[in-house]
Structure formats: structure tokens, C-alpha cells
Peer 1: 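Sharing a structure, written as C-alpha cells. Questions coming.
Along the sequence shown, the residues carry numbers beginning at 1.
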Amino acid sequence: MLHKIPFQFIYAEKDGCHILIDVNINNIPAKFIIDTGASNTVMDIGGIGKFVSEPEPELNEMKSTGVGTDSLTSHILTIELLSMATFSKPQYRVVLLDLSHVNNVFQQLNLEPIDGILGGDLFLKYKAKIDYKYKTLTFRTRN
């Protein structure tokens with residue numbers, strides 16, 4: 001089954017943009033950035049309480065890295081449901097990181113804060129295609 005999920009561009013710089021997508025975490029609306037360079041789907045550890053009433057994250061044994069950073073301490077949390085349009089994935093494990101530096105930059109650019117980042121784990125598993133012309137992210141599932 002193909003799942004076509006709409007997204008929008010947000011312009012952060014003169015010639016640059018980010019891809020913003022509406023996600024639901026445990027049936028609560030969230031804003032995520034699509035990042036093909038991110039190896040995992042990430043949520044902001046500081047805002048996870050908005051989506052999970054009593055989060056109990058596990059310390060991630062592997063250190064996370066990003067552009068402009070050395071190694072970051074991260075945590076792992078299984079969320080009950082991650083969904084976008086017709087796509088849904090129960091019991092999905094996400095990495096929790098402090099995304100305050102991203103949201104601070106977004107605030108300086110008068111952009112709304114994000115709750116997370118969709119990463120390569122989802123893109124690879126569900127054979128993602130990003131269509132820039134029609135502003136859709138497509139996932140393929142077996143259903």
C-alpha cells in the first residue's frame with residue numbers, strides 16, 4: 001500500500017529551506033522536519049511530556065552525533081503510535097535528544113518550533129520517496 005503524506009516547505013535562509021511535516025504522536029499533533037541525513041527518527045527530550053504522560057526513556061548506549069557537534073547523550077523511548085495521514089506505526093522506537101538548539105535558531109528566524117525529526121530509519125524501512133514538485137512523502141507498506 002502506498003501512503004502519500006503531504007508536507008510543506010519552510011524557508012529558513014535566503015536560498016535554503018526545510019521540509020516540515022505534520023505527524024501525530026499518540027494521537028497528538030506534532031511538527032517534524034524531514035531530514036534524509038538523520039540516521040534515526042528523533043524527538044525533543046525536553047518536549048516529550050507533551051506526548052507521553054510518564055516517559056521512561058532508556059539511556060542509549062551509542063552516542064549520537066550531528067553537524068557541528070561531537071557526541072551527544074541520547075535516550076531511547078518507544079512511543080505507542082506514530083502516524084501521518086494514512087500511515088501509522090504502533091510501538092515505534094525513537095531517539096530522544098535535546099533539540100533546543102534547533103528551536104532556538106527557528107525562533108530567531110520567526111519559525112515555529114519542531115517536536116522532532118523524521119530520519120533514515122523510517123525512510124529505509126518504508127522505501128520513502130520525496131516528491132518536491134507535489135510536496136509529498138510516500139511510504140510503501142505491505143498492507
Peer 1: With a 4.5 Å limit on heavy-atom distance, are the side chains of Met84 and Ile21 in contact?
Peer 2: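 In short, these two side chains touch, coming nearer than 4.5 Å.
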Peer 1: Any side-chain heavy atom of Ile33 within less than 4.5 Å of one from Leu20?
Peer 2: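 SC-SC contact between Ile33 and Leu20 confirmed.
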Peer 1: Side-chain donor-acceptor pairs under 3.5 Å in residues 109-120, sequence neighbours left out?
Peer 2:
| residue | atom | partner | partner atom | Å |
| --- | --- | --- | --- | --- |
| Asp115 | OD2 | Lys31 | N | 2.9 |

Peer 1: Could you tell me if the side chain of Val95 sits less than 4.5 Å from the side chain of Leu97, heavy atoms only?
Peer 2: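 They are in contact (side-chain heavy atoms under 4.5 Å apart), so the answer is yes.
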Peer 1: Below 6.0 angstrom between ring centroids: does that apply to Phe7 and Phe9?
Peer 2: yes
Peer 1: CE of Met43 to CD1 of Ile48: how many Å apart, nearest 0.5 Å?
Peer 2: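 One gets 3.5 Å once the value is rounded to the nearest 0.5 Å.
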Peer 1: Once rounded to the nearest 0.5 Å, what's the spacing between atom CD of Glu80 and atom CD1 of Ile25?
Peer 2: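 Here the rounded value is 11.5 Å.
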Peer 1: Taking the side chain as every heavy atom from C-beta outward, state whether His3 and Thr138 have any pair of such atoms under 4.5 Å apart.
Peer 2: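 Contact flag for His3/Thr138 side chains = no.
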Peer 1: Side-chain contact test, heavy atoms from C-beta onward, threshold under 4.5 Å: evaluate it for Asp98 versus Asp44 and give yes or no.
Peer 2: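 Yes; the side chains approach each other to less than 4.5 Å.
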Peer 1: Enumerate the ring-ring contact (aromatic ring centres under 6.0 Å, His included) contacts for residues 12-39, please, sequence neighbours excluded, ordered by first and then second residue.
Peer 2: His18-Phe106
Peer 1: Between OG1 of Thr36 and CD1 of Ile34, what distance do you get to the nearest 0.5 Å?
Peer 2: 9.5 Å
Peer 1: At their closest point, which heavy atom of Arg93 faces which heavy atom of Ile76, and how far apart are they?
Peer 2: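 Closest approach of Arg93 to Ile76, heavy atoms only: NH2-CG2, 3.1 Å.
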Peer 1: Donor-acceptor check, side chain of Asn40 to backbone of Val42, threshold 3.5 angstrom: yes or no?
Peer 2: no
Peer 1: Short question: side chain of Asn26, backbone of Ile28 - any donor-acceptor pair under 3.5 Å?
Peer 2: no
Peer 1: Would a 4.5 Å heavy-atom cut-off, applied to side chains only, mark Ile5 and Thr136 as touching?
Peer 2: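 Side-chain contact under 4.5 Å: no.
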Peer 1: Below 4.5 Å, heavy atoms only, C-beta onward: do Met1 and Arg140 meet side chain to side chain?
Peer 2: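 No, side chains not in contact.
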Peer 1: Membership question, hydrophobic clusters at under 4.5 Å side-chain separation (ILVMFWY): are Tyr92 and Phe139 in the same one?
Peer 2: yes
Peer 1: Measure the spacing between CG of Leu122 and CG of Leu124 and express it to the nearest 0.5 Å.
Peer 2: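 Here the rounded value is 10.0 Å.
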Peer 1: Report the distance from atom CG of Leu81 to atom OG of Ser88, rounding to the nearest 0.5 Å.
Peer 2: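 With rounding to 0.5 Å, CG (Leu81) is 5.5 Å from OG (Ser88).
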Peer 1: Parallel, tilted or perpendicular: which one describes the rings of Tyr126 and Phe87, with boundaries at 30° and 60°?
Peer 2: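 Answer is perpendicular, since the angle exceeds 60°.
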Peer 1: Between Ile45 and His75, is any pair of side-chain heavy atoms under 4.5 Å apart?
Peer 2: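 The answer is yes, as the side chains (C-beta and beyond) meet within the 4.5 Å cut-off.
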Peer 1: Would you kindly confirm whether Val52 and Val94 end up in one hydrophobic cluster when ILVMFWY residues are joined by side chain heavy atoms under 4.5 Å apart?
Peer 2: yes
Peer 1: Distance check, rounded to the nearest 0.5 Å: Leu96 atom CG versus Ser74 atom OG?
Peer 2: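 Rounded to the nearest 0.5 Å, the CG-OG separation comes out at 8.0 Å.
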